[in-house]
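This report concerns only the one structure given below.
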Amino acid sequence: MRVRPRETPRWTLTELAAELDAVATAEAIITGISLNTKDLEPGDLYAALQGANSHGAAYVGVARDLGATAVLTDPEGAAIVTGLPMIVVDDPRGVLAELSSTFYERPSDAFTTIGITGTQGKTTTTYLAEAALGDRRSAVVGTIGTRIGRVPAASTLTTPEAPQLQALFAVMREEGVELCAMEVSSHALVKGRVDGFTFDVGVFLNLGRDHLDFHKDLEDYFLAKAALFTPEHARHAVINIDDPHGRRLRELTPLPVTTFSTDGNPADWRAVNIRPHRLGTDLEVLGPDELAIDLSVPLPGVFNVSNALSVIAALAQAGYDPKDLAAGIASSTGVPGRMERVDAGQVFTAIVDYAHKPDAVTAVLTALRPVTAGRLIMVIGAGGDRDHGKRPLMGEAAARHADVVIVTDDNPRTESAASIRAAVMEGAAVGPGLAIEVPGRREAIAHAVQMAHLGDTVVVAGKGHERGQEIKGVVHPFDDREVLVELIGESA
Ligand SMILES: CC(=O)N[C@H]1[C@@H](OP(=O)(O)OP(=O)(O)OC[C@H]2O[C@@H](n3ccc(=O)[nH]c3=O)[C@H](O)[C@@H]2O)O[C@H](CO)[C@@H](O)[C@@H]1O[C@H](C)C(=O)N[C@@H](C)C(=O)N[C@H](CCC(=O)O)C(=O)O
Ligand SMILES: Nc1ncnc2c1ncn2[C@@H]1O[C@H](COP(=O)(O)OP(=O)(O)OP(=O)(O)O)[C@@H](O)[C@H]1O
């Protein structure tokens, strides 16, 4: 959370105010920017913004105690702030990204930036981009965190807030990164987290139902994502035209477009001769200028072919040789918690996967069906304090495509686990898969392990790489992979 460049910038508050055509109420020295006291460091300008829960100005006392030297806020905040010099503007969130980029002297100009958006596959695609670059120095930013030259660097949110993101970019510049592949959430686009710089390439993967607790409807969600494909945010668009919203976006965007397809649609980059196998997929990639290359994607699921093809299209656009990229992708060691196989000597196949949206559940089960000789058994739930409408849809997607659905808890947060399970069960009741409700995630995984035979595939869906379950507001350590290994060991 406190990743900052080694070389500390030093601005006066007056200089920063001048960047905003504003005035400082008094002088101060600024060596960092933060909009949350949780990652504030001495010398920071604390951006006190109006939020959904509170006004950041309410935390100015905390910020001062932690060593903040000044505050950026709006007139409402200015009425609350005492004891620190201020810059007051009408819309501090609107200027924060540009200010953060200026503060670190536009660090992202030093490398190529690829922004990836879509309901599913963002994390996987960033990791495939990292693999595609082989030994070249790259960075990824996303849900699992940030990696710079393959070394983890802490970050919060899928797309960090601008002060944190620009500090990460400054570290990437110091580390000699040549390309950063980052996830761009719809929240980030709405909240201006990726303002203040322009992606060299924006990638659109797909759009399905999600985040309808934040966006008013699917159209609002689509338009939020479409904002990435405007000159303000990106120079070039790479679009999946197998997705209906991708086809719409191709018509909407004013950017130059490169298209890709794994589904036989006419596109600049196409996947043909697709041969799925137990560990991944082999295929041929046809590109511009009659280019044809063999590609082996070492992640199960044909949807991962689409993710890999987007990487080749985007990185080729950025000037990389597609043949080198294909070789890099073939050497990928996988993505934590995404179609991750767990082998503890069991006779069945066990997979941990981050599917926590109905379309992902369908995609995963559809991909595993042709390579599963026996039954598909899925352990599934739905998160608490998020989009309630998604819950029955999760159960339904699982029951339509799995033989056995074990409905259990998946991070209920502050909600009643039983009522979330009931909503998921309601959807799962449509069948044809057999639906069983098992309270307790460990107990549910144990149930799956006990019932699995040779040839079956057990998919533990949901929390994927994450290391804890929040129950009644308290986080309990829980790792699906570790629990699977333990339970397989106990059942041997
Ligand atoms: C909806 C949303 O994006 N909310 C984010 C937003 O909250 P907010 O503006 O409503 O802030 P608030 O909680 O009212 O607090 C007001 C202000 O006081 C500050 N504060 C608050 C408490 C404190 O102790 N100290 C402090 O300084 C906050 O930083 C904020 O500026 O600004 C906060 C500060 O950065 C974020 O932590 C918060 O993300 C919350 C935790 C969140 O859950 N966001 C999710 C929905 C999100 O952004 N997800 C996307 C997509 C993920 C995906 O693809 O699945 C992501 O990019 O991660
Ligand atoms: N292109 C795709 N199409 C459909 N489903 C996919 C695709 N790629 C991955 N998935 C499924 O979605 C799950 C989440 O994948 P991933 O973490 O890469 O997506 P994400 O967009 O980063 O999700 P989030 O925003 O929730 O972090 C995977 O575990 C897999 O089940």
Side-chain angles (χ1 to χ4, degrees), residues 112-122 124-126 128-129 132 159 181-190 194-195 197-211 215 217-272 274 283-293 295 302-320 322 325 357 359-360 363:
T112 300
T113 47
I114 311 283
I116 299 156
T117 201
T119 306
Q120 268 123 199
K122 298 183 293 298
T124 309
T125 302
T126 58
L128 287 173
T159 311
M182 67 174 278
E183 299 185 42
V184 183
S185 66
S186 53
H187 299 74
L189 288 157
V190 170
V194 290
D195 292 354
F197 72 105
T198 311
F199 286 104
D200 292 293
V201 184
V203 178
F204 178 85
L205 297 175
N206 48 53
L207 191 102
R209 185 202 158 94
D210 200 23
H211 299 310
H215 300 287
D217 52 27
L218 194 67
E219 180 67 7
D220 185 48
Y221 177 41
F222 169 67
L223 292 176
K225 285 204 179 290
L228 176 59
F229 303 90
T230 56
E232 195 193 342
H233 286 302
R235 297 192 178 89
H236 193 99
V238 166
I239 297 178
N240 175 13
I241 51 149
D242 296 336
D243 186 284
H245 285 95
R247 294 195 286 276
R248 220 182 124 197
L249 184 62
R250 179 181 49 180
E251 304 309 319
L252 271 182
T253 178
L255 301 181
V257 175
T258 298
T259 54
F260 66 96
S261 164
T262 59
D263 231 6
N265 289 309
D268 300 309
W269 291 90
R270 292 186 294 133
V272 296
I274 297 173
L283 66 139
E284 208 182 330
V285 173
L286 304 181
D289 304 324
E290 302 194 4
L291 179 80
I293 42 177
L295 174 65
V302 175
F303 55 81
N304 279 319
V305 172
S306 185
N307 296 335
L309 195 57
S310 79
V311 167
I312 293 182
L315 271 55
Q317 171 61 36
Y320 291 93
L325 299 172
K357 300 164 193 173
D359 289 349

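We use all heavy atoms of the structure for the numbers below, so side chains are in, but hydrogens, waters and symmetry mates are not.
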Find out whether [X] and [Y] are in side-chain contact, i.e. whether some heavy atom of one side chain is under 4.5 Å from a heavy atom of the other.
X	Y	result
Phe199	Val194	yes
His233	Asp195	yes
Leu255	His236	no
Ile116	Thr126	yes
Asp200	Arg235	yes

Would a distance-only check, ignoring hydrogens and angles, find a side-chain to backbone donor-acceptor pair under 3.5 Å from [X] to [Y]?
X	Y	answer
Thr117	Val184	yes
Thr259	Asp268	yes
Thr253	Leu249	no
Asn240	Ser310	no
Ser185	Thr159	no
Arg270	Ser261	no
Lys357	Thr119	yes

### Message
Just to verify, which of Val305, Val285, Ile274 counts as forming a side chain to side chain contact (heavy atoms under 4.5 Å, CB included) with Leu295?
### Response
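Exactly one pass, corresponding to Val285.
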
### Task
Return the orientation label for the Phe229 and Phe204 ring planes: parallel under 30°, perpendicular over 60°, tilted otherwise.
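Rings of Phe229 and Phe204: perpendicular, as their planes differ by over 60°.
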
### Query
When you check the side-chain N and O atoms of Asp242 and Thr262, is any donor under 3.5 Å from an acceptor?
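There is such a pair between these side chains.
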
[X] versus [Y], closest heavy-atom pair with distance:
X	Y	result
Pro231	Thr198	O-CG2, 3.8 Å
Ala132	Val311	CB-CG1, 3.8 Å
Ala313	Val238	CB-CG1, 3.8 Å
Ala316	Trp269	CB-CZ2, 3.7 Å
Val203	Ala314	CG2-CB, 3.7 Å
Ala227	Leu189	C-CD2, 4.4 Å

Euclidean distance, [Y] [atom2] relative to [X] [atom1], rounded to 0.5 Å:
X	Y	atom1	atom2	result
Leu207	Leu218	CG	CG	5.0 Å
Asn206	Lys122	CG	NZ	8.0 Å
His245	Arg248	NE2	CZ	6.0 Å
Leu252	Phe222	CG	CZ	5.0 Å
Leu315	Leu128	CG	CG	10.5 Å
Leu205	Gln120	CG	CD	9.5 Å

